[in-house]
Amino acid sequence: MFPQPGTHDGITATHTVDPDYHVSDADNFTYAPTTKAQNSCMEVVTAYWNSGNEIWAWDWCGAGGPAKTVAVDADFKAKYTKPSGGELAYSVQLARDPGSGNSWSSYLYNYRSAQWELLYRQSGQDQSGLDHGWDMFEIYASVNPSTGTGYYCTEARNTVFDSSAIELRHNGTWKPASPSDSPWTEDNPSGQDFLCPQLNFIQAGADDHWTVRQ
């Protein structure tokens, strides 16, 4: 879903994470769920790649790339995850800081201490070139010649990619994302277009909850 220009200065969501999903090929990346607010200086990514599973704060106002990474290890699971529908999930928030300038902070919710913890802060000009935000499923995949599908299609066969409780902050108030401010990019995505025909895209809520699974 794409939060539209002028509708928000913050976004929060609860994202599933699967420590058992292992990417084998160096050219393959699964960024899902991944979220960014309009004009925000970072995107917070659930990143699966062959160097491991991590949470990234991707810098859109500086040098670019993952400026802060957190490994999805035992410590991460103990502090930042909770059970969610049979999966593990963590909560993330991006918000524009008070005052002048385009300064943004991103946070992870620490369930052990019951408080938001700063992940990454940055200010400047958003270099994404897009006038909207997003909370979405994203892949960079190559085809396994033995199956004719993306490598991730087999490797993530049991992985659920889910983003729930998506809310936008507007005029100081957090409200669930809705069709009026956060339209779906597509009404009926096809798994075939993502190199995995058995992939299902489920609109689990009125634009504030989506699931992608096989």
Side-chain angles (χ1 to χ4, degrees), residues 1-5 7-19 21-23 25-73 76 79-81 88-97 101-110 116-142 150 152 156 159 161-169 177 182 185 194 210 212:
M1 38 78 74
F2 280 2
Q4 293 301 290
T7 62
H8 65 290
D9 64 0
I11 187 170
T12 188
T14 296
H15 290 166
T16 55
V17 60
D18 183 1
Y21 172 22
H22 299 293
V23 174
D25 190 276
D27 294 327
N28 286 255
F29 298 83
T30 302
Y31 297 145
T34 181
T35 194
K36 182 183 181 299
Q38 178 207 8
N39 293 332
S40 67
C41 281
M42 73 285 296
E43 173 184 5
V44 177
V45 187
T46 315
Y48 300 96
W49 62 312
N50 77 327
S51 290
N53 302 337
E54 298 173 325
I55 307 302
W56 291 357
W58 185 282
D59 190 338
W60 282 106
C61 291
K68 178 69 178 291
T69 63
V70 180
V72 178
D73 55 15
F76 177 87
K79 289 181 179 178
Y80 302 111
T81 68
L88 288 178
Y90 70 96
S91 293
V92 58
Q93 185 180 116
L94 289 71
R96 192 169 64 204
D97 300 324
N102 194 49
S103 176
W104 287 78
S105 298
S106 56
Y107 305 88
L108 298 178
Y109 191 76
N110 186 325
W116 289 101
E117 288 186 0
L118 181 68
L119 174 65
Y120 183 66
R121 177 172 287 135
Q122 179 64 292
S123 62
Q125 180 71 34
D126 176 18
Q127 303 297 314
S128 70
L130 300 170
D131 65 355
H132 54 73
W134 59 79
D135 191 278
M136 66 182 185
F137 174 85
E138 179 181 3
I139 60 161
Y140 292 86
S142 57
Y152 86 97
T159 300
F161 305 96
D162 182 271
S163 179
S164 63
I166 306 169
E167 295 190 353
L168 304 182
R169 189 181 72 179
S182 306
T185 56
F194 290 81
W210 57 263
V212 178

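In this chain, residues are counted from 1 in sequence order.
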For the [atom1] atom of [X] and the [atom2] atom of [Y], what is their distance to the nearest 0.5 Å?
{"X": "F137", "Y": "T30", "atom1": "CZ", "atom2": "OG1", "result": "6.0 Å"}
{"X": "Y48", "Y": "Y152", "atom1": "OH", "atom2": "OH", "result": "13.5 Å"}
{"X": "K36", "Y": "D135", "atom1": "NZ", "atom2": "CG", "result": "12.5 Å"}
{"X": "D9", "Y": "N39", "atom1": "CG", "atom2": "CG", "result": "10.5 Å"}
{"X": "K79", "Y": "E117", "atom1": "NZ", "atom2": "CD", "result": "6.0 Å"}
{"X": "F29", "Y": "I139", "atom1": "CZ", "atom2": "CD1", "result": "13.0 Å"}

(message) By the definition side chain to side chain donor-acceptor pair (under 3.5 Å), identify the one residue from W56, Y31, W134 that meets it with E43.
(response) W134

Do [X] and [Y] have a side chain donor and acceptor closer than 3.5 Å?
{"X": "S142", "Y": "D27", "value": "no"}
{"X": "Y120", "Y": "D59", "value": "yes"}
{"X": "T46", "Y": "Y90", "value": "yes"}

If every non-hydrogen atom of [X] is compared with every non-hydrogen atom of [Y], which pair is closest and at what distance?
{"X": "R121", "Y": "S105", "answer": "NE-OG, 2.6 Å"}
{"X": "L108", "Y": "Y80", "answer": "CB-CD2, 4.0 Å"}
{"X": "N28", "Y": "A141", "answer": "OD1-CA, 3.1 Å"}
{"X": "V70", "Y": "L119", "answer": "CG2-CD1, 3.7 Å"}
{"X": "P3", "Y": "I11", "answer": "CG-CD1, 4.0 Å"}
{"X": "A71", "Y": "E54", "answer": "CA-CG, 4.1 Å"}

(message) Here's a test for you: under side-chain contact (heavy atoms from CB on, under 4.5 Å), which of V92, T34, D162 qualifies with H15?
(response) V92

(message) Given N102, which partner from the list Q125, R96, Q122 fulfils the side-chain contact (heavy atoms from CB on, under 4.5 Å) test?
(response) R96

(message) Using a 3.5 Å distance criterion without hydrogens, assess whether the side chain of Q4 forms a donor-acceptor pair with backbone atoms of F2.
(response) yes

